[in-house]
Amino acid sequence: MNDLTPLLLAAPRAGEPIRNLSRRGFLGAGTSALLLGVGLRVGPARAGTPAEGAGAIAPKPGTRVAAFLEIRPDGSVRLLSPFVEGGQGINTGLAQTVGEDLDLDPARFTVECAPPGPDYAVVNGLRLTGGSFSTRSSFAAMRRLGATAREMLLRAAASQLKVKQDELSTENGRVLHRASGRSLSYGDLAAAALALAPRDDVPLKDPKDFRFVGKPVARLDTRDKSTGRAIYAIDIRLDGMLHAAVTHAPHLGTEPQVIANEADVAAMPGVRAVHRLPGAVAVLADSWWRARKGAEALKVEWTAPAPDGVDTVSGRFSSAAMLAALKGATEPGIVAEQEGDPEAAFTGAATVIQAEYDAPYLAHAQLEPPSAVARFAADGSLDLWVPNQMPEVFQQVAAKVAGLHSDQVRIHSPMLGGFFGRHFYYGPANPFPQAILLAKAAGRPVRVLWSREEEFGMDAVRPLGFVRFRAALDRDGMPVALQTTAIGEGPIGRWFGAIFKSPVDSSVVEGLDKKPYAIPNRRLDYVKVPQPVTIAFWRSVGHSMNDYFYESFLDEVAEAGGKDPFALRMALLKDSPRHRTLLQAAADLAGGWKRGPFAGPDGGRRARGVSMASPFGSETATIAEVSLEDGEARVHDLWIAIDPGSVVNPAIVKRQVEGAAALGLSATLLEQVVYEGGQRQARNFDAYPILDRTRMPRVHVTIVESGAPMGGIGEPGLPGVPPAVVNAVAALTGQRVRSLPLAKARLSAA
């Protein structure tokens, strides 16, 4: 057996610098910035290396036209995107945005993910795809890129046609000189145009003249996906490639000690080698099926975990024990938000109510299994095909694992089979370091593909969440004070605590802070309680649970004060016309607000719940209609109004909201990762049920463009779904569910 563990522990080479990401990379207080890769080493750029890797110099990210656009002889365009396409439609949106000011139909674009390089650091000086930030962070830069390229084409045409530039116009990929009837295609002009120096003062098109932005342009990736041409990481095949299957340690943090049957496994058909990895053992074979059969046959003795406690994933660690630790935390909270004098308001309150809410660990559980392909070239450099949301970070980690400089690592970023926060660097939750170690040991390209069981065992999970509420009501039943305490740990604090010095983890309190409701006295405290499991960003991050906590408790406040929950929200939004308009839009979409219970079209009893959320720069209002079937909640309709300020492609917005709603409902009804005895109990979809077609409701979406700064789209449709559904269940049954998923509760009609 080959032990590859020491390769991960190699000391830094002399003279190799440490990169410290600056605070300007943070996406603003309270946002869910998906910025991983803290403290990673970056090798210095060497003399003579091409100006396209991590050591290249860009005058300003997003401004060097040649780094983004290849205008081909036939007039089509290859656009190198700063972002990764993973089903969210970013390639189409970018083509619309660039094409608008370039004056070129988006259908003529081919969009690919750009390699690592500073030209593409368009997200506040960094590069990432996540946090529902791609379009809103790059919209201005991509418009300017298109306008700059168009101006360069006009300048080149003026030179060739020997006319003044202001005599020229453009029309869908051609430069026209109408006075003489002459024209040149962009393809004819590309070489000369892209050799020109770009100008900084190029005017942008007036939005009233937009042809593509704001329109439901057809997605560029639909045909390839529907015909099987789309290439994902699991589709990569290289000459001479070996396949690796992996068996991980049953307890996180333990290591392989003895393999009792190594010789027998090594002699199995097609098996080439057995390798020890950090926390795992891998089998290399000439096919993945043979590798998996070998991995399943391994008889491994592992080091023992700590016997007890929640400081590590101990032998007795469990979800219940972790939740008990959160509930039992007695440390004083750090103030995350305060307004007015809550203590005095509680002293004079007519009514005080309180409640505790919790939400479970969640897996990403996406269709695409984790995989990576690594190949070392003859010169020692590395090619890595890996699903990722931050190419530069993966380049840095890969270089560290391989013992190379960053400019010796070429990252290939295939289309993702979904995002959900899964494709960031989470240490042991990622297979690509294993692919690098195995390829180096084998001297051949290696593809690592985790089985579904290994994925469920190693996936980084959404943290367990727990929040405690206390509210004070006056004699009219209106809330006058709210005390909220959020206890736990979030991915921002886990991965960025050393950089962002704020003592409050924004990913723990988002969805609880900055609410639009006019409650005069408020205090939000944060208590950090570390969790030993590998935690991660999960679609809509802290909002995915916190909006459920807050909006459900707000319904409890309404009930305690004798108020209708919709009317109470309207009253509390008296100072926010934007939110009142949005809430009314959701009600109008649903045919008017009614709480119920009432008789549904089938004659059965139904009720509705309402919620609001303010995730990722957008605003949403959600109404759910629910009935009961055999003690379970059945959601018939979801009406969602979203205000993202402005939109690039309304069809993509609608589909993203629908998809996010489905994921939010799946988590509400069914999903939870359960630890018992230090191990996850679900190792495949048979024990981790997700939303199926029979449970999928009708989803109705309306877009309200308020003209506010552009917000995110990929995640905002999710957070309003859990509270709207739970509030509907409470109206129907009289049962207030304070712990998700609903599958844990046996529901009965009131």
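Quick caveat: nothing in here was measured; it's all calculated off a predicted structure. FYI, the numbering just counts along the sequence from 1.
In this structure, Asp239 places its CG atom where only 12 or fewer heavy-atom neighbours from other residues, nucleotides or ligands lie under 6.0 Å away. Enclosure of atom CG in Asp200 is not indicated, since only 12 or fewer non-hydrogen atoms of other residues, nucleotides or ligands lie within 6.0 angstrom. Remark: Arg223 CZ is loosely packed, at most 12 non-hydrogen atoms of other residues, nucleotides or ligands lying under 6.0 Å away.
Applying the salt bridge (charged side-chain N to carboxylate O under 4.0 Å, His left out) criterion to Glu100, with sequence neighbours excluded, gives Lys205. In this structure Arg444 satisfies the salt bridge (charged side-chain N to carboxylate O under 4.0 Å, His left out) test with no other residue, sequence neighbours excluded. Legend: residues meeting side-chain contact (heavy atoms from CB on, under 4.5 Å) with Thr135, ordered by chain and number and at least two apart, are Ile90, Val648, Met710. With sequence neighbours left out, the side chain to side chain donor-acceptor pair (under 3.5 Å) criterion links His364 to Asp459.
With hydrogens and angles disregarded, a donor-acceptor distance shorter than 3.5 Å links the side chain of Arg144 to the backbone of Val202. When atom types are taken as modelled, the side chain of Gln656 and the backbone of Gly89 share no donor-acceptor pair closer than 3.5 angstrom. Of the possible donor and acceptor atoms, one in the side chain of Asn649 sits under 3.5 Å from a partner among the backbone N and O of Val217. Between the Asp235 side chain and the Tyr232 main chain, a donor and an acceptor come within less than 3.5 Å of each other. Distance alone, capped at 3.5 Å, is enough to place a donor-acceptor pair between the Arg136 side chain and the Phe616 backbone. Using a distance-only test at 3.5 Å, with no hydrogens or angles considered, no donor-acceptor pair links the side chain of Arg578 to the main chain of Ala708. Not a single donor-acceptor pair under 3.5 Å links the side chain of Arg150 to the backbone N or O of Asp103. The closest donor-acceptor contact from the side chain of Ser507 to the backbone of Ile492 lies under 3.5 Å. Side chain of Arg237 to main chain of Ile234: a donor-acceptor pair is present (N/O by atom type, distance under 3.5 Å, no hydrogens or angles). Put simply, the side chain of Asn172 gets close to the backbone of Asp105: a donor and an acceptor are under 3.5 Å apart.
Within the structure, the salt bridge (charged side-chain N to carboxylate O under 4.0 Å, His left out) test picks out no pair touching residues 699-710 (sequence neighbours left out).
Residues Asn388 and Phe432 are not in side-chain contact: their nearest non-hydrogen atoms beyond the backbone lie 4.5 Å or more apart. Within the 4.5 Å cutoff, no side-chain heavy atoms of Trp385 are placed close to those of Arg447. In this structure, Met415 and Lys225 have side chains that are in contact, with non-hydrogen atoms separated by less than 4.5 Å. Between Pro615 and Glu715 there is no side-chain heavy-atom pair separated by less than 4.5 Å. Within the 4.5 Å cutoff, no side-chain heavy atoms of Val373 are placed close to those of His412. Side-chain contact between Phe212 and Leu102 is absent, with no heavy-atom pair separated by less than 4.5 Å. Looking at Thr110 and Ser76, their side chains never come closer than 4.5 Å, going by heavy atoms from C-beta outward. The side-chain heavy atoms of Leu161 and Arg182, taken from C-beta on, include a pair separated by under 4.5 Å.
Using a 4.0 Å cut-off between a side-chain N of Lys or Arg and a carboxylate O of Asp or Glu, Glu171 and Arg174 do not qualify as a salt bridge. By the 4.0 Å N-to-carboxylate-O rule, Asp74 lies too far from Arg108 to be salt-bridged with it.
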Q.
Quick one, Gln389 with Val84, criterion side-chain contact (heavy atoms from CB on, under 4.5 Å). Give me CA distance, side-chain angles, the key distance, then yes/no.
A. CA-CA 6 Å; Gln389 294 176 238; Val84 184; 5.7 Å; no

side-chain contact (heavy atoms from CB on, under 4.5 Å) between Asp221 and Asn91: does it pass, once the steps are laid out?
CA-CA 8 Å; Asp221 53 353; Asn91 285 359; 5.9 Å; no

One pair to check against side-chain contact (heavy atoms from CB on, under 4.5 Å): Glu112 and Glu70. What are the steps and the verdict? CA-CA 11 Å; Glu112 300 173 12; Glu70 174 193 338; over 6 Å; no

field: Trace of the side-chain contact (heavy atoms from CB on, under 4.5 Å) decision for Ile713 with Gln88
entry: CA-CA 9 Å; Ile713 291 300; Gln88 82 281 39; over 6 Å; no

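Note that the CD atom of Glu658 and the CG atom of Leu663 stand 14.0 Å from one another [nearest 0.5 Å]. Note that CD of Gln396 is 5.5 Å distant from OG of Ser406, once rounded to the nearest 0.5 Å. Considering CG of Leu104 and OH of Tyr186, their distance stands at 6.5 Å, rounded to 0.5 Å. The structure places CG of Leu184 at 12.5 Å from OG1 of Thr170, a figure rounded to the nearest 0.5 Å.
With ring centers used as reference points, Phe83 lies 6.0 Å or more from Tyr120.
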Would you tabulate the side-chain donor-acceptor contacts of residues 151-159 under 3.5 Å, counting partners in other chains and residues two or more places apart, or write 'none'?
residue: Glu151; atom: OE1; partner: Arg155; partner atom: NE; Å: 3.4
residue: Glu151; atom: OE1; partner: Arg155; partner atom: NH2; Å: 2.8
residue: Glu151; atom: OE2; partner: Arg155; partner atom: NE; Å: 3.2
residue: Glu151; atom: OE2; partner: Gln165; partner atom: NE2; Å: 3.0
residue: Glu151; atom: OE2; partner: Arg199; partner atom: NH1; Å: 2.9
residue: Arg155; atom: NH1; partner: Ala197; partner atom: O; Å: 3.2
residue: Arg155; atom: NH2; partner: Ala197; partner atom: O; Å: 2.9

